[in-house]
Amino acid sequence: MSSPEMSQPETVRHQRSVPALIAGWVGLLAHLATGVWYAASGLLAPMWAIVVLFVIWFGLLALAIYLLRTRPVWTLLVPVAATAIWFASISAGEALLGWTA
(Lines give C-alpha, C1' and ligand atoms only; values in the text may rest on other atoms or scores of the structure.)
Protein backbone atom coordinates (compact mmCIF):
# COMPACT_ATOMS: atom_id res chain seq x y z
CA MET A 1 0.00 0.00 0.00
CA SER A 2 1.09 3.57 -0.49
CA SER A 3 1.82 5.87 2.40
CA PRO A 4 -0.16 9.10 2.94
CA GLU A 5 2.92 11.09 1.98
CA MET A 6 2.99 9.48 -1.45
CA SER A 7 -0.65 10.34 -2.19
CA GLN A 8 -0.04 14.11 -2.24
CA PRO A 9 0.86 15.61 -5.59
CA GLU A 10 4.50 16.51 -6.09
CA THR A 11 3.61 19.95 -7.45
CA VAL A 12 2.92 21.27 -3.94
CA ARG A 13 6.24 22.84 -2.96
CA HIS A 14 5.67 25.07 0.02
CA GLN A 15 2.88 25.70 2.41
CA ARG A 16 2.47 29.47 2.27
CA SER A 17 1.00 31.00 5.38
CA VAL A 18 -1.36 33.96 5.34
CA PRO A 19 1.15 36.26 7.14
CA ALA A 20 3.80 35.36 4.56
CA LEU A 21 1.43 36.18 1.70
CA ILE A 22 0.47 39.47 3.34
CA ALA A 23 4.16 40.34 3.71
CA GLY A 24 4.69 39.45 0.06
CA TRP A 25 1.88 41.71 -1.11
CA VAL A 26 3.20 44.53 1.09
CA GLY A 27 6.59 44.10 -0.56
CA LEU A 28 5.07 44.14 -4.05
CA LEU A 29 3.03 47.27 -3.31
CA ALA A 30 6.09 48.97 -1.81
CA HIS A 31 8.02 48.15 -4.97
CA LEU A 32 5.26 49.71 -7.07
CA ALA A 33 5.56 52.83 -4.92
CA THR A 34 9.27 53.12 -5.77
CA GLY A 35 8.20 53.62 -9.37
CA VAL A 36 7.41 57.23 -8.45
CA TRP A 37 11.10 57.88 -7.71
CA TYR A 38 12.15 56.21 -10.94
CA ALA A 39 9.66 58.34 -12.90
CA ALA A 40 10.83 61.51 -11.15
CA SER A 41 14.40 60.76 -12.27
CA GLY A 42 13.55 62.56 -15.48
CA LEU A 43 14.03 65.81 -13.60
CA LEU A 44 17.70 65.02 -13.08
CA ALA A 45 18.94 62.20 -15.29
CA PRO A 46 19.28 62.07 -19.09
CA MET A 47 16.92 59.90 -21.14
CA TRP A 48 19.36 57.01 -21.55
CA ALA A 49 19.74 56.75 -17.76
CA ILE A 50 15.98 56.81 -17.25
CA VAL A 51 15.56 53.96 -19.74
CA VAL A 52 18.25 51.92 -17.94
CA LEU A 53 16.66 52.63 -14.56
CA PHE A 54 13.24 51.53 -15.81
CA VAL A 55 14.67 48.34 -17.29
CA ILE A 56 16.12 47.60 -13.86
CA TRP A 57 12.82 48.53 -12.17
CA PHE A 58 10.80 46.21 -14.43
CA GLY A 59 13.34 43.43 -13.84
CA LEU A 60 12.87 43.88 -10.12
CA LEU A 61 9.10 43.81 -10.64
CA ALA A 62 9.40 40.45 -12.39
CA LEU A 63 11.57 39.22 -9.52
CA ALA A 64 8.99 40.44 -6.99
CA ILE A 65 6.21 38.58 -8.77
CA TYR A 66 8.31 35.43 -8.90
CA LEU A 67 9.16 35.72 -5.21
CA LEU A 68 5.52 36.37 -4.33
CA ARG A 69 4.66 33.02 -5.87
CA THR A 70 7.57 31.04 -4.43
CA ARG A 71 8.93 32.76 -1.30
CA PRO A 72 6.58 35.62 -0.42
CA VAL A 73 8.52 36.99 2.56
CA TRP A 74 11.57 37.60 0.38
CA THR A 75 9.48 40.02 -1.66
CA LEU A 76 10.03 42.56 1.13
CA LEU A 77 13.66 42.89 0.01
CA VAL A 78 12.78 43.98 -3.54
CA PRO A 79 11.74 47.56 -2.70
CA VAL A 80 14.81 47.89 -0.50
CA ALA A 81 16.99 46.87 -3.45
CA ALA A 82 15.05 49.18 -5.80
CA THR A 83 15.56 52.13 -3.47
CA ALA A 84 19.27 51.40 -3.03
CA ILE A 85 19.82 51.04 -6.79
CA TRP A 86 17.93 54.26 -7.54
CA PHE A 87 19.74 56.26 -4.87
CA ALA A 88 23.16 54.92 -5.87
CA SER A 89 22.48 55.58 -9.57
CA ILE A 90 21.30 59.15 -9.06
CA SER A 91 24.11 59.90 -6.60
CA ALA A 92 26.74 58.48 -8.97
CA GLY A 93 25.26 60.44 -11.86
CA GLU A 94 25.46 63.66 -9.89
CA ALA A 95 28.97 63.04 -8.62
CA LEU A 96 30.58 61.48 -11.70
CA LEU A 97 28.57 62.67 -14.68
CA GLY A 98 27.51 66.11 -13.54
CA TRP A 99 23.74 65.57 -13.61
CA THR A 100 21.97 68.60 -12.18
CA ALA A 101 18.35 69.53 -11.76
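Any value given below was found using the heavy atoms of this structure, including those in side chains, with hydrogens, waters and symmetry copies removed.
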Check the hydrophobic clustering (I, L, V, M, F, W, Y; side-chain heavy atoms under 4.5 Å; chains of links allowed) and say if [X] and [Y] are grouped together.
{"X": "V80", "Y": "I85", "result": "no"}
{"X": "L32", "Y": "L21", "result": "no"}
{"X": "W74", "Y": "I22", "result": "no"}
{"X": "Y66", "Y": "I56", "result": "yes"}
{"X": "V26", "Y": "W37", "result": "no"}

Item to check | Derivation of the side-chain contact (heavy atoms from CB on, under 4.5 Å) call for E94 and T100 | outcome: CA-CA 6 Å; E94 284 179 318; T100 58; over 6 Å; no

Shortest non-hydrogen contact from [X] toward [Y]:
{"X": "A20", "Y": "V73", "answer": "CB-CG2, 3.7 Å"}
{"X": "L68", "Y": "G24", "answer": "CD1-C, 3.5 Å"}
{"X": "A45", "Y": "I90", "answer": "CB-CD1, 4.4 Å"}

Next on the checklist: Measuring from atom CG of L76 to atom CG of L67, what distance do you get when rounded to the nearest 0.5 angstrom?
Outcome noted: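 It comes to 10.0 Å.
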
Next on the checklist: Quick check for you: to the nearest 0.5 Å, what is the distance between H31 atom NE2 and L63 atom CG?
Outcome noted: 8.5 Å

Checklist entry - Side chain of Y38, backbone of A82: donor and acceptor closer than 3.5 Å? => result yes

Next on the checklist: Strictly distance-based, threshold 3.5 Å: is any side-chain N or O of T75 a donor or acceptor partner for the main-chain N or O of P72?
Outcome noted: yes

Next on the checklist: Using the side-chain hydrogen bond (donor to acceptor under 3.5 Å, both in side chains) definition, which of the options W57, W99, W86 pairs with S41?
Outcome noted: W86

[X] side chain near [Y] side chain, heavy-atom distance below 4.5 Å:
{"X": "S89", "Y": "L53", "result": "yes"}
{"X": "L61", "Y": "L28", "result": "yes"}
{"X": "V55", "Y": "V52", "result": "no"}

Next on the checklist: Below 30° counts as parallel, above 60° as perpendicular, anything between as tilted: where do the rings of F54 and F58 land?
Outcome noted: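 Geometry flag for F58 against F54: tilted rings.
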
